[in-house]
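Read the structure below first, then the notes.
Since we're looking at a predicted model, the values are computed, not measured.
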Amino acid sequence: MKYFTLEELTKSDTATRRGIDNTPTEEVKKNLTTLVDRVLDPLRIAWGAPIVVNSGYRSPALNEVVGGSKTSDHMSGRAADIEAVDRSKMNNARLFALIQSLGLPFDQLIDESGMSWVHVSYRSETENRKQILKL
């Protein structure tokens, strides 16, 4: 993990405000490290500028409070919602396209709310479904 920290991948203002423990297990830490090593760090290198993680790991309690999917990969540390630093939809769309053009491995790549942010998940080389979705 060169460009991302465990702290930024587990930080949640909602968890802090609501007193929800969002401490990852060792397995979740391993999954977050793999997500960063395989997808986020290579993307950051190619992008050439910082990338904001607006949601990484979510404990099951936090995931429920924020209305996440009951099967969300965020709960296992295998997903992150990211944005360009300027948070522009145009640059988020460029990040979305860059993930694809670089051939980065992913399970799901989701355009969230018209490129308000990009969801990217990684399971494993054998489990990745390479789903590209728009929500």
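Minimum heavy-atom separation, Gly56 to His74: O-ND1, 2.7 Å. Residues Arg38 and Leu104 approach most closely at O-CD2, 4.0 Å, considering heavy atoms. Smallest separation of non-hydrogen atoms from Thr10 and Pro24: CG2-CG, 3.8 Å.
By the criterion of side-chain heavy atoms lying less than 4.5 angstrom apart, applied directly or through intervening Ile, Leu, Val, Met, Phe, Trp or Tyr residues, Val53 is not grouped with Val85; the two fall into different hydrophobic clusters. By the rule that hydrophobic residues join a cluster once side-chain heavy atoms approach within less than 4.5 Å of another member, Phe106 and Trp117 end up as members of separate clusters. In the hydrophobic cluster analysis, where Ile, Leu, Val, Met, Phe, Trp and Tyr join through side-chain heavy atoms closer than 4.5 angstrom, Val120 is grouped apart from Val66. Linking Ile, Leu, Val, Met, Phe, Trp and Tyr residues whenever their side-chain heavy atoms come within less than 4.5 Å leaves Val39 and Met75 in two separate clusters.
A distance-only check finds a donor-acceptor pair linking the side chain of Thr5 to the backbone of Glu8 [under 3.5 Å]. For the pair Ser88 (side chain) and Ala84 (backbone), a donor-acceptor distance under 3.5 Å is absent. Checked by atom type and distance alone, the side chain of Asn92 never pairs as donor or acceptor with a backbone atom of Glu83 at under 3.5 Å. Side-chain atoms of Ser121 do not come within 3.5 Å of backbone N or O of Asp73 as any donor-acceptor pair. Proximity of a side-chain donor or acceptor of Asn128 to a complementary backbone N or O of Ser124 within less than 3.5 Å is detected.
Of the inter-residue distances, the one linking Thr14 atom OG1 with Leu62 atom CG reads 6.5 Å to the nearest 0.5 angstrom. In this structure, CD1 in Ile110 is found 4.0 Å from NE2 in His119, a value given to the nearest 0.5 Å. Once rounded to the nearest 0.5 Å, the distance linking CG of Leu32 with CG of Leu9 reads 5.5 Å. Distance check, rounded to the nearest 0.5 Å: CE of Met1 to OG1 of Thr33 gives 5.0 Å. For the atom pair Asn63 CG and Thr71 OG1, the distance stands at 9.0 Å (nearest 0.5 Å).
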Item checked: From CA spacing to verdict: side chain to side chain contact (heavy atoms under 4.5 Å, CB included), Trp47, Arg94 -> CA-CA 9 Å; Trp47 184 247; Arg94 289 180 55 220; 3.8 Å; yes
Next item on the list: Go through the steps to decide whether Ser12 and Arg58 satisfy the test side chain to side chain contact (heavy atoms under 4.5 Å, CB included), and finish with yes or no.
Entry: CA-CA 8 Å; Ser12 167; Arg58 294 186 209 138; over 6 Å; no
Notebook entry, point to check: side chain to side chain contact (heavy atoms under 4.5 Å, CB included) between Asp111 and Leu135: does it pass, once the steps are laid out?
Noted result: CA-CA 6 Å; Asp111 163 3; Leu135 297 180; over 6 Å; no
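In this structure, the side chains of Leu133 and Gln108 come closer than 4.5 Å at one or more pairs of heavy atoms. Within the 4.5 Å cutoff, the side chain of Ile20 has heavy atoms near those of the Val65 side chain. Contact check for Ile51 versus Phe4: side-chain heavy atoms found under the 4.5 Å cut-off. Residues Ile82 and Val52 are not in side-chain contact: their nearest non-hydrogen atoms beyond the backbone lie 4.5 Å or more apart. In this structure, Asn31 and Tyr57 have side chains that are not in contact, with every pair of non-hydrogen atoms separated by 4.5 Å or more. Counting only heavy atoms from C-beta outward, the side chains of Leu43 and Leu98 approach each other to under 4.5 Å. Looking only at side-chain heavy atoms (C-beta outward), Phe96 and Met115 come within less than 4.5 Å of each other. Side-chain contact between Thr25 and Val28 is present, with at least one heavy-atom pair separated by less than 4.5 Å.
A salt bridge links Arg129 with Asp107; the closest basic N to acidic carboxylate O contact falls under 4.0 Å.
Residues passing the salt bridge (Lys or Arg N to Asp or Glu O under 4.0 Å) test with Lys11 are Asp13, sequence neighbours excluded. Every salt bridge (Lys or Arg N to Asp or Glu O under 4.0 Å) that Lys29 has, sequence neighbours left out, goes to Glu26.
Figure legend: cation-pi geometry between Arg78 and Tyr122 absent, as NZ or CZ is not positioned both under 6.0 Å from the six-membered ring centre and within 45° of its axis.
Dense packing is recorded around NZ of Lys130, with more than 12 heavy atoms of other residues, nucleotides or ligands lying under 6.0 Å away. Atom CD of Glu125 sits in a crowded spot, with more than 12 heavy atoms from other residues, nucleotides or ligands closer than 6.0 Å.
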